[in-house]
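Every heavy atom of this structure was used, including side-chain atoms; hydrogens, water molecules and symmetry mates were not.
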Amino acid sequence: MKELVEVIAKALVDNPDEVAVTEKENGKNLTLELHVAPSDMGKVIGKQGRIAKAIRTVVKAAALEDNKKVDVDII
């Protein structure tokens, strides 16, 4: 999951070197924290949060195979 979020985010931003994803696992819950440069925050969130919502949807669909609940936080 971590790699999936990282690949998507690096494709969207101008500074791919500043993209970092950290995992926090708590039982069946997994939280992925996406860190990007402040100047790229708008590109990752998108108008009215559409890109962020799409990233979360793709990750949740991929997590169905593992029977895990995944949350993506953009920080």
Side-chain angles (χ1 to χ4, degrees):
M1 296 301 148
K2 179 179 176 180
E3 295 82 16
L4 176 63
V5 174
E6 206 169 301
V7 168
I8 293 171
K10 284 184 178 183
L12 294 171
V13 298
D14 289 333
N15 302 315
D17 297 336
E18 295 189 36
V19 171
V21 180
T22 57
E23 287 182 328
K24 293 183 180 179
E25 193 161 352
N26 185 8
K28 285 197 166 200
N29 294 336
L30 179 66
T31 301
L32 299 173
E33 294 180 348
L34 174 61
H35 301 270
V36 296
S39 60
D40 291 328
M41 190 65 73
K43 292 178 181 164
V44 174
I45 295 173
K47 288 186 180 179
Q48 297 179 350
R50 287 186 181 144
I51 294 175
K53 185 177 178 183
I55 292 171
R56 289 182 179 114
T57 302
V58 169
V59 171
K60 285 182 182 184
L64 287 176
E65 296 176 355
D66 299 335
N67 282 337
K68 287 194 174 188
K69 183 177 182 268
V70 179
D71 293 322
V72 179
D73 295 334
I74 301 170
I75 299 174

Between Lys10 and Glu6, is there a salt bridge with N-O shorter than 4.0 Å? yes
Okay, side chain of Asp40, backbone of Asp14: is any donor-acceptor separation there less than 3.5 Å? yes
Check Val19, Ile8, Asp73 against Leu34 for a side chain to side chain contact (heavy atoms under 4.5 Å, CB included) and give me the one that passes. Val19
Side chain to side chain contact (heavy atoms under 4.5 Å, CB included), paired with Leu32, selected from Val59, Thr22, Asp71, Leu4: Val59
Look up atom [atom1] in [X] and atom [atom2] in [Y], then write down how far apart they are to the nearest 0.5 Å.
| X | Y | atom1 | atom2 | value |
| --- | --- | --- | --- | --- |
| Lys24 | Leu30 | NZ | CG | 11.5 Å |
| Met41 | Lys43 | CE | NZ | 12.5 Å |
| Glu33 | Glu23 | CD | CD | 11.0 Å |
| Lys53 | Thr57 | NZ | OG1 | 6.5 Å |
| Ile51 | Arg56 | CD1 | CZ | 12.0 Å |

Evaluate whether atom CD of Gln48 has more than 12 neighbouring non-hydrogen atoms of other residues, nucleotides or ligands under 6.0 angstrom away. no
I'd like to know if Val36 and Val7 are part of one continuous hydrophobic network [Ile/Leu/Val/Met/Phe/Trp/Tyr, side-chain heavy atoms within less than 4.5 Å]. no
Nearest heavy-atom contact between Ala63 and Val70 is CB-CG2, 3.3 Å
Can you name the closest pair of heavy atoms from Glu18 and Ala37 and give their distance? OE1-CB, 3.2 Å
